[in-house]
Number of protein chains: 2
Amino acid sequence: MSKMSQTELAVLGALSVQSMSGYAVRAAITGTLGHFWGESFGQIYPTIARLEGAGFVERDVAGKTSGSTFGLTLAGRKRLVELLAEPNQSAPPRNGTLLRLFFGSLLGPEVCQQILDDARMRAEQQLAELDAIAHEVRAEVRADPDARYRLLTVLAGQHSARAQIAWVEESLELLTM
Amino acid sequence: MSKMSQTELAVLGALSVQSMSGYAVRAAITGTLGHFWGESFGQIYPTIARLEGAGFVERDVAGKTSGSTFGLTLAGRKRLVELLAEPNQSAPPRNGTLLRLFFGSLLGPEVCQQILDDARMRAEQQLAELDAIAHEVRAEVRADPDARYRLLTVLAGQHSARAQIAWVEESLELLTM
DNA sequence: CCGAGCATGTAACACGTTACATGATTGC
DNA sequence: GCAATCATGTAACGTGTTACATGCTCGG
């Protein structure tokens, strides 16, 4: 699977929840998937157009005076499941913070501590957001068992953020020893 | 800072440790920085050429019959510190595993459990590698305090891998409830 | 002498972001 | 009527990977 079809996957997924405009797809992705996925307009519209050409997506102009609504066709839903089942090929990691810290001796301990503090602050902020979302989603799960899957992605973010914070603590100790 | 200068940063960093060929830069990056950074030949050679044009890197053909050695100039070392000091602008995250699990209800619990097991296996394998490296680097730190910075990046990987494993455990429980 | 690995590069393609252009709708 | 937001798209640019082409050198 090319990387492009990762974008297709995200778009098809968004439209599988409900039909909506391209603009709304973007909003749905940055809002709901925002903690682990991102797409820009420049990707979304061409992708929708390609999916429409391939018969996976249908445009419903209907009586609307402006804008259109896009929805999955049957083939589109099948294609979505197909893409979901493919193994995830992850891109090589690129962590700018670690790259900087690796050469930290050229920067000095003070600057490195600042970089670490920044990382901790970002992680703490993200953790707070995720805690709030987790609370909501846990409530949803009681009503709809399928909401578990959404909860999984929130849990992943929480674990990751907490690990980041613990790492910063340990690292600061190591630097000030 | 453009994203390109992230590649410049990695290349300058590699050459700051010692002068070497472009081929060796690639080996150094995939080897030593491999757990949090990746570069391909197609990026490295043009980047070295650009750095050479800008006067940050010097080519030393010397008496060698083939190949050349690249080393940092004074301006190059200054440039490296400059880039290191710039704030890290991280790319929007793209986690294919989470994207799939988010739409897990379309795949069913069994497939999702398999995805989680895969993730755990990869994390465990990475953790084992990192544990070994950490052992080595801790020994180096006793001789050279500057090796701490290398240790930081290894610690980050360990925390991240352990978090991943803990997340899988919790998620599997949630799915089999 | 021949294959494996060292070494340098380029070209084609894929991917992605940003900025721009354009217009409709809606609430004040 | 005017501003904010919804909505659709394109063009330019930067970035990055892959595959290819080429030649050296060194050990067996």
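Quantities reported herein were computed from a predicted structural model and do not represent experimental measurements. Residue numbers start from 1 in every chain, and the chains themselves are labelled A, B, ... in the order their sequence lines are given, proteins ahead of strands. The basis for the numbers below is simple: all heavy atoms, side chains too, and nothing from hydrogens, waters or symmetry mates.
Applying the salt bridge (Lys or Arg N to Asp or Glu O under 4.0 Å) rule to B:Glu52 yields the partners B:Arg59; only residues at least two apart in sequence or on another chain are considered.
Using a 4.0 Å cut-off between a side-chain N of Lys or Arg and a carboxylate O of Asp or Glu, A:Arg79 and A:Glu8 qualify as a salt bridge.
Between A:Leu9 atom CG and C:dC15 atom P there is a gap of 14 Å when expressed in whole angstrom units.
Remark: B:Arg94 fails to qualify as a cation-pi partner of A:Phe36 under the 6.0 Å distance and 45° angle criteria applied to the six-membered ring.
Distances from the side chain of A:Pro92 to the nucleotides C:dT8, D:dT17, C:dT17 place D:dT17 closest. For B:Ser68, counting side-chain heavy atoms from C-beta on, the closest listed nucleotide (D:dG16, D:dG9, C:dT8) is C:dT8. Considering only side-chain atoms of A:Gln43, the nucleotide from D:dT17, C:dC15, D:dG9 that sits closest is C:dC15.
Helix-axis bend for the helix from C:dC1-D:dG28 to C:dC28-D:dG1: the local axis fitted to the five terminal pairs at one end deviates from that at the other end by 20°, rounded to 10°.
Proximity of a side-chain donor or acceptor of B:Arg77 to a complementary backbone N or O of B:Thr73 within less than 3.5 Å is not detected. For the pair A:Ser21 (side chain) and A:Ala24 (backbone), a donor-acceptor distance under 3.5 Å is present. Here the side chain of B:Arg150 pairs no donor or acceptor atom with the backbone of A:Phe102 at under 3.5 angstrom.
At D:dT8, none of the side-chain N or O atoms of A:Arg59 fall inside 4.0 Å of OP1 or OP2 (strictly under the cut-off).
Using a 4.0 Å cutoff on non-hydrogen atoms, the parts of residues 12-22 of chain B near DNA chain C are B:Ser21, B:Gly22, ordered by number.
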